[in-house]
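In the text below, chain A, chain B and the rest are named by the order of the sequence lines, each starting its count at 1. Keep in mind that the numbers below use all heavy atoms, side chains included, and drop hydrogens, waters and symmetry copies.
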There are 2 protein chains.
Amino acid sequence: MDGAELGWELSTTVALFHEAVARRLRLNAADHKALRIVTRQGPLPAGALAAQLGLGASAVTALVDRLERAGYVRRVTDPADRRRVLVSADGDQDPDLSGIFADLGREMTALVGKYDERELATIADYVRGTIAVFETQTTRLAGTG
Amino acid sequence: MDGAELGWELSTTVALFHEAVARRLRLNAADHKALRIVTRQGPLPAGALAAQLGLGASAVTALVDRLERAGYVRRVTDPADRRRVLVSADGDQDPDLSGIFADLGREMTALVGKYDERELATIADYVRGTIAVFETQTTRLAGTG
DNA sequence: GATCTTGGTTCAATAAGATGAAATATCCAC
DNA sequence: GTGGATATTTCATCTTATTGAACCAAGATC
């Protein structure tokens, strides 16, 4: 198996993991994507979420309603600007899922533990390089739209 | 930036690339996923596609109709079993997109060219290890469903 | 070769989410 | 504090995709 093939396999493997998580949370792909954004980028205004998802304001209201009803996020009015509604991730809801992520972290830590400093530097360099390549092409693709 | 963070960044970067490709092809995420399956797994029966997508037969008929109308796939009746319809990717439709993928391949080749044999072995080992970790957790997640 | 099964399509009904306009509340500038 | 802009919600409508049942054609079984 050559490098490119291995890379695509990694890509689909991670995608399948995300899908499995979404299925477990009973979220469609779009809602799960929104939840990931909220989780990673901390409390953020509904409008920012709309921008990142490429959705209208009213669609995001409905989306956040769904996530809130499911108990995955909370709405907090921004004390600094009370028109704003900050969407904030609401803890770990699914104990099995927390276990999965914990194990994932543990196993990745173990994997990383196999390598010495120099090897880890190489791996990090490669990952960073790959990110740069994909970002470049994504930008081009968005531009030629 | 630590390793885990870098890994998730790679994941979202690749996901954003896929989204940009889908947008360019004017496909929704589900149809684009189907097209990727058809592209990677060669001509395959509609039923196999249905199984992989978790959709019913009639939904796949509609999906393949859309992809076919857009010119991305063709239907070929399986000569070995003329009930079967093989869905087959229909060449490169978007010249810009072919260019993007060509450049992506070129740049990844260049990136890989920076490393010696030993380093490449380390990188491949790490990627394989990561795939294994994610597959394990995906399986667990599907199981505890 | 009559019957049963399988693979796919068709079509009507349904469901889910997105859109766009109007409404509400808050902030900012003067 | 009046007027205007901004952030979000509500609601009716529209789009888009999925479901499930009926249907057709082609293989498999006896």
Side-chain angles (χ1 to χ4, degrees), chain A residues 18-19 22-38 41-90 145, chain B residues 18-20 22-38 41-90:
Chain A
H18 282 314
E19 279 176 34
R23 206 168 9 254
R24 158 58 69 105
L25 295 173
R26 302 193 194 290
L27 293 177
N28 63 33
D31 286 9
H32 182 222
K33 181 186 171 190
L35 179 57
R36 288 211 308 280
I37 291 175
V38 172
Q41 305 183 15
L44 83 174
L49 196 51
Q52 282 195 58
L53 295 169
L55 289 177
S58 59
V60 169
T61 296
L63 189 159
V64 174
D65 283 347
R66 290 192 295 274
L67 292 181
E68 198 173 34
R69 221 175 303 126
Y72 299 140
V73 304
R74 262 173 313 164
R75 272 184 239 246
V76 185
T77 53
D78 185 345
D81 179 348
R82 306 227 312 287
R83 290 169 302 180
R84 277 210 172 84
V85 170
L86 300 176
V87 185
S88 141
D90 192 6
Chain B
H18 282 315
E19 280 177 33
R23 204 165 14 249
R24 160 56 71 104
L25 294 173
R26 303 196 194 287
L27 293 177
N28 62 34
D31 286 9
H32 182 223
K33 181 186 172 188
L35 179 57
R36 288 210 309 279
I37 291 174
V38 171
Q41 305 184 15
L44 83 173
L49 196 52
Q52 282 196 56
L53 294 170
L55 289 178
S58 59
V60 169
T61 297
L63 189 160
V64 174
D65 283 348
R66 291 192 295 272
L67 292 181
E68 197 173 36
R69 222 174 302 127
Y72 299 141
V73 305
R74 259 172 315 165
R75 271 184 241 246
V76 185
T77 52
D78 185 345
D81 179 349
R82 307 228 310 288
R83 290 169 303 182
R84 278 212 172 82
V85 170
L86 301 176
V87 185
S88 142
D90 192 6

(request) Sequence neighbours left out, what pairs pass salt bridge (Lys or Arg N to Asp or Glu O under 4.0 Å) with at least one residue falling in residues 45-64 of chain B? (result)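 Residue pairs passing salt bridge (Lys or Arg N to Asp or Glu O under 4.0 Å), neighbours aside: none found.
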
(message) Enumerate the salt bridge (Lys or Arg N to Asp or Glu O under 4.0 Å) contacts for residues 48-65 of chain B, please, sequence neighbours excluded, ordered by first and then second residue.
(response) B/Asp65-B/Arg75

(message) Please enumerate all residues that pass side-chain contact (heavy atoms from CB on, under 4.5 Å) together with A/Ala22, with sequence neighbours excluded.
(response) A/His32

(message) Taking side-chain contact (heavy atoms from CB on, under 4.5 Å) as the definition, give me every residue that meets it alongside B/Ala29, ordered by chain and number, with sequence neighbours left out.
(response) none

(request) Shoot me the first and last contacting nucleotide of DNA chain D against chain B, ordered 5' to 3', at under 4.0 angstrom to non-hydrogen atoms. (result) D/dA17 to D/dG27

(message) Under the rule for side chain to side chain donor-acceptor pair (under 3.5 Å), what residues qualify as partners of A/Asp78, not counting sequence neighbours?
(response) none

(request) Under the side chain to side chain donor-acceptor pair (under 3.5 Å) rule, collect the residues that match up with B/Arg66, sequence neighbours excluded. (result) B/Asp31

(request) For A/Asn28 and C/dA15, give me the distance from atom CG to atom C1', rounded to whole Å. (result) 13 Å

(message) Within residues 55-68 of chain A, which residues have any heavy atom lying less than 4.0 Å from an atom of DNA chain C?
(response)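 Nucleic-acid contacts, sorted: A/Leu55, A/Gly56, A/Ser58, A/Ala59, A/Arg66.
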
(request) Determine to 10° how strongly the helix from C/dG1-D/dC30 to C/dC30-D/dG1 is bent, judged from the axes of its five-pair ends. (result) 30°

(message) I need the A/Leu27 CG to A/Leu67 CG distance, nearest 0.5 Å.
(response) 6.0 Å

(message) Once rounded to the nearest 0.5 Å, what's the spacing between atom CG of A/Leu86 and atom CG of A/Leu49?
(response) 11.5 Å

Check nucleotides 25-30 of chain C against the protein and report each pair of N or O atoms closer than 3.5 Å, with its distance, or say if there are none.
unit_1	atom_1	unit_2	atom_2	d
C/dC27	OP1	A/Arg82	N	2.8

(message) Given 3.5 Å as the limit, does a donor-acceptor pair link the side chain of B/Tyr72 with the main chain of B/Leu25, or not?
(response)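 Pair found, side chain donor or acceptor close to backbone of B/Leu25.
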
Give the table of side-chain donor-acceptor pairs shorter than 3.5 Å for residues 51-61 of chain A, with sequence neighbours excluded, one pair per line with atom names and distance.
unit_1	atom_1	unit_2	atom_2	d
A/Gln52	OE1	A/Gln41	NE2	3.2
A/Gln52	NE2	A/Gln41	OE1	2.7
A/Thr61	OG1	A/Ala57	O	3.3

(request) Under the salt bridge (Lys or Arg N to Asp or Glu O under 4.0 Å) rule, collect the residues that match up with B/Arg82, sequence neighbours excluded. (result) none

(request) Before accepting this row, confirm whether a basic side-chain N of the pair A/Glu19/B/Lys33 lies closer than 4.0 Å to the acidic partner's carboxylate O. (result) yes

